[in-house]
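Have a look at the structure below, then the notes.
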Amino acid sequence: MSAVTPSIDRDRIRELTAREERTLNERTGRSAEMFRRANVALSGGVASSYQLRDPWPIYLERGEGPTVWDVDGNRMWDFHNGFGSMVQGHAHPVIGAAIQERYAKGTHFAAPTEDAIVVAEELVRRWGLPQWRYTNSGSESTMDAIRIARAYTGRDTVMKIFGSYHGHHDTVMVSIGVEYDKIGEPDDLASLPYGAGIPQATVDMTVAVPFNDVGAMERRIERLIAEDRKPACVIMEAAMMNLGVVLPEDGYLQAVRDLTAKHGIVLIFDEVKTGICIAAGGATEKWGVTPDMVTLAKALGGGLPMGAIGGSEEVMSVVKDGSVYQVGTYNGNPLGVAATRASLTEVMTPEAYAHLDALNDRIVQACDMVVQKYGLPGYAVGVGSKGCVTFSPTPITDYASFKANQDAELSDLAWLFNMNRGIFMTPGREEEWTLSVTHTEEAIDDYVAVFDELASELVS
């Protein structure tokens with residue numbers, strides 16, 4: 001597979017990038033000051049490594065509905081939405097009222113409340129999985145789901161999709177950001193740690209396979225069985241959400257479901273990014289394939305740290321009988337489940353999903369028209385509230401095709417263009433937009449207008 005060769009002038013990309021970087025730096029002086037201050041007490045000047053950006057991150061002050069303001073007073077349409085967490089929009093009054101009411105009654109007991117039951121009942125209705133437990137983040141959800149799968153099967157090996165991110169615990173911090181020449185062959189992809197501090201023994205127990213290739217998954221499973229290393233589980237996103245957006249090909253998810261069922265391997269859909277955001281029942285509803293387990297977080301809590309794990313009666317039996325200690329002092333926190341209840345029952349309604357679908361259709365179609373108008377190497381793709389423009393001359397189907405074809409320099413320039421023109425976006429070639437129920441056609445049209453301006457300048 002050859003490296004990307006876009007039909008646009010590389011010098012022009014670098015010229016525009018330098019100009020836009022200067023402009024953004026000039027517009028964010030207070031963020032620079034705050035970064036210098038933060039470096040004294042915060043390691044690296046941020047609360048999470050994913051918040052870093054050169055030469056400094058953009059510090060935000062407040063958000064309301066579909067908009068945010070940074071500390072320099074720049075107002076922006078928010079298409080970042082907290083790495084996809086704020087599909088409800090900022091400071092939604094319904095969720096705010098629920099939080100306020102709950103606060104007056106007490107915010108933490110480490111004891112169950114009725115809201116925890118109501119939320120679980122709603123998750124059963126949406127996902128069709130009968131048993132649920134709570135966590136406080138996506139990382140906790142995937143970590144606990146894997147432990148449950150290992151206990152249920154009595155096996156240790158974990159299979160994941162190469163390039164997918166499933167949180168920051170050791171088992172899944174494997175084969176994520178890998179250079180193209182280190183990926184390996186489809187039937188023998190490399191297991192490599194994502195950063196330091198991950199034991200090699202843990203890395204060796206995690207085996208990666210390519211997305212959209214059930215044949216490669218089946219062959220790797222058969223090899224592992226022959227080596228007496230049959231996987232306990234396959235953990236995967238039904239649509240890859242950290243390579244922009246990569247959708248499953250027709251029949252792929254059902255084939256994975258059939259394959260894992262055949263071998264008695266627990267299938268986990270990591271819906272931390274898709275859950276709540278692309279349909280009422282997430283990717284499970286969207287593509288009509290029900291896994292053994294689902295993990296949720298991000299948008300679940302309506303802006304509060306909430307996570308959840310859903311599973312079949314059989315798999316979750318090891319939690320119910322006490323074999324697995326699925327614990328956490330803040331699991332099912334009253335404030336979190338109150339916000340989640342209000343979000344699920346009053347905000348994320350059928351009308352809300354119809355609105356998101358209409359807006360996403362509008363932005364995808366309009367961005368595709370810009371691509372065609374200017375002859376850019378790329379295409380727009382989206383589902384539910386999620387989407388992106390992928391700067392690649394060929395469709396991206398997995399991590400290898402992403403690394404070989406997607407244009408990193410053009411992606412960086414697009415982010416700078418957005419930031420300097422009132423569009424707050426997630427930085428990096430791997431990210432996508434997330435719409436909220438408070439977004440309007442005006443916000444969509446402004447996004448497209450900025451993209452059109454970028455395209456025009458690229459080819460001028």
Is the distance from the ring center of Phe211 to that of Phe402 below 6.0 Å? no
Please tabulate, for the side chains in residues 341-355, all donor-acceptor contacts under 3.5 angstrom to protein atoms that are two or more places apart in sequence or on a different chain.
| from | atom 1 | to | atom 2 | distance (Å) |
| --- | --- | --- | --- | --- |
| Arg341 | NH1 | Asp115 | OD1 | 2.6 |
| Ser343 | OG | Gln88 | NE2 | 3.0 |
| Thr345 | OG1 | Arg341 | O | 2.6 |
| Thr349 | OG1 | Glu351 | OE1 | 3.2 |
| Thr349 | OG1 | Ala352 | N | 3.3 |
| Tyr353 | OH | Arg126 | NH1 | 3.2 |
| Tyr353 | OH | Ile276 | O | 2.7 |
| His355 | NE2 | Val437 | O | 3.4 |
| His355 | NE2 | His439 | O | 2.8 |

Kindly indicate whether the side chain of Tyr379, heavy atoms from C-beta on, has any atom under 4.5 Å from the side chain of Val389. no
Would you call Arg75-Glu64 a salt bridge at under 4.0 Å N-O? no
For residues Ile278 and Lys386, report the shortest heavy-atom separation together with the two atoms involved. CG2-CG, 4.0 Å
CD (Gln200) with more than 12 external heavy atoms under 6.0 Å: yes
If only atom types and distance count, is the side chain of Ser401 paired as donor or acceptor with the main-chain N or O of Thr397 below 3.5 Å? yes
For a quick test of reading the model, state the closest non-hydrogen atom pair linking Ala299 to Val87 and the distance between them. CB-CG1, 3.8 Å
Taking all atoms of both residues into account, what is the closest heavy-atom pair of Phe391 and Ala414, and its distance? CE1-CB, 3.9 Å
Under 3.5 Å, side chain of Asp368 to main-chain N/O of Ala380, donor-acceptor pair present? yes
Assess whether side-chain contact (heavy atoms from CB on, under 4.5 Å) is satisfied between Trp132 and Leu296, documenting all intermediate values. CA-CA 11 Å; Trp132 290 81; Leu296 302 175; 3.8 Å; yes
Intermediate values then yes/no, side-chain contact (heavy atoms from CB on, under 4.5 Å), Leu129 and Met293: CA-CA 8 Å; Leu129 291 170; Met293 302 184 77; 5.7 Å; no
Given side chains that start at C-beta, do those of Ile423 and Phe417 come closer than 4.5 Å, heavy atoms only? no
Spacing of Ser456 atom OG and Phe451 atom CZ [to the nearest 0.5 Å]: 12.0 Å
Determine, for Glu237 against Lys273, whether the closest basic-nitrogen to carboxylate-oxygen distance falls under 4.0 angstrom. no
Any carboxylate oxygen within less than 4.0 angstrom of a Lys/Arg side-chain nitrogen, looking at Arg362 and Asp445? yes
May I ask you to decide if Ser175's main-chain N or O and Lys160's side chain share a donor-acceptor pair within less than 3.5 Å? yes
Strictly below 4.0 Å, N to O, side chains only: are Asp292 and Arg257 in salt-bridge contact? yes
When you look at Glu432 and Val381, which way does the side-chain contact (heavy atoms from CB on, under 4.5 Å) test go after all the steps? CA-CA 10 Å; Glu432 70 274 337; Val381 58; over 6 Å; no
Any side-chain to backbone donor/acceptor pair from Ser48 onto Gln51? Under 3.5 Å, distance only. no
Verdict with supporting geometry, Glu26 and Thr23, side chain to side chain donor-acceptor pair (under 3.5 Å): CA-CA 5 Å; Glu26 290 166 0; Thr23 300; 4.9 Å; no
To the nearest 0.5 Å, what is the distance between CD1 on Ile268 and OG1 on Thr260? 10.5 Å
Minimal heavy-atom distance between Val370 and Val448, with the atoms involved, is CG2-CG1, 4.1 Å
Does Ser411 reach the side chain of Gln406, with side-chain heavy atoms less than 4.5 Å apart? yes
Give a yes or no on whether the backbone of Thr434 and the side-chain of Asn81 come within a donor-acceptor separation of less than 3.5 Å. yes
Would you find a donor on one side and an acceptor on the other, under 3.5 Å apart, between the side chain of Asp72 and the backbone of Gly29? yes
Please report the shortest heavy-atom distance between Ile13 and Leu458, naming the atom on each side. CG1-CD2, 3.7 Å
What do you reckon, is CD of Glu179 surrounded by more than 12 foreign heavy atoms closer than 6.0 Å? no
Atom CZ in Arg19, atom CG in Asn420: separation rounded to 0.5 Å? 9.0 Å
Heavy-atom donor-acceptor pair, Lys298 side chain to Cys277 backbone, under 3.5 Å: no
Is there a side-chain contact between Met86 and Ser436, using heavy atoms and a 4.5 Å cut-off? no
Sub-4.5 Å side-chain heavy-atom contact between Met143 and Thr135: no
Look at the rings of Tyr50 and Tyr194 and say which category their plane angle falls in: under 30° parallel, 30 to 60° tilted, over 60° perpendicular. tilted
To the nearest 0.5 Å, what is the distance between CZ on Arg14 and CG on Asp412? 12.5 Å
Thr206 side chain vs Val158 backbone, donor-acceptor pair below 3.5 Å: no
Evaluation steps, salt bridge (Lys or Arg N to Asp or Glu O under 4.0 Å), between Arg219 and Glu222: CA-CA 5 Å; Arg219 290 187 292 273; Glu222 289 172 350; over 6 Å; no
Interatomic distance, Leu16 atom CG to Ser460 atom OG [nearest 0.5 angstrom]: 7.5 Å
Side-chain donor-acceptor pair present, Tyr165, Asp270, cut-off under 3.5 Å: no
State, with a plain yes or no, whether a side-chain heavy atom of Pro231 is found less than 4.5 Å away from one of Leu224. yes
Taking the side chain as C-beta and beyond, is there a heavy-atom pair between Thr284 and Phe269 under 4.5 Å? yes
Validation: residues 238-256 side-chain donor-acceptor distances under 3.5 Å, sequence neighbours left out:
| from | atom 1 | to | atom 2 | distance (Å) |
| --- | --- | --- | --- | --- |
| Asn242 | ND2 | Gly163 | O | 2.8 |
| Tyr252 | OH | Asn212 | N | 3.4 |
| Gln254 | NE2 | Asp258 | OD1 | 2.9 |

Would you list the atom pairs, donor with acceptor, under 3.5 Å between side chains in residues 53-61 and any protein atom, with sequence neighbours excluded?
| from | atom 1 | to | atom 2 | distance (Å) |
| --- | --- | --- | --- | --- |
| Arg53 | NH1 | Trp56 | O | 2.6 |
| Trp56 | NE1 | Thr28 | O | 3.4 |
| Trp56 | NE1 | Thr28 | OG1 | 2.9 |
| Tyr59 | OH | Gly45 | O | 2.6 |

Looking at Gly89 and Thr438, what are the two nearest heavy atoms and their distance? CA-OG1, 3.7 Å
Do the charged groups of Arg223 and Asp188 touch, with an N to O distance under 4.0 Å? yes
With rounding to the nearest 0.5 angstrom, report the OG to NE2 distance, Ser141 to His169. 9.0 Å
Starting from the C-alpha separation in whole Å, work towards a yes-or-no answer on side-chain contact (heavy atoms from CB on, under 4.5 Å) for Met217 and Ile161. CA-CA 9 Å; Met217 179 183 286; Ile161 299 298; 4.2 Å; yes
Given side chains that start at C-beta, do those of Val178 and Phe162 come closer than 4.5 Å, heavy atoms only? yes
Any donor-acceptor N or O pair under 3.5 Å, side chains Glu431, Trp415: no
Salt-bridge test for Arg27 and Asp70: reply yes if a basic N is under 4.0 Å from a carboxylate O, no otherwise. no
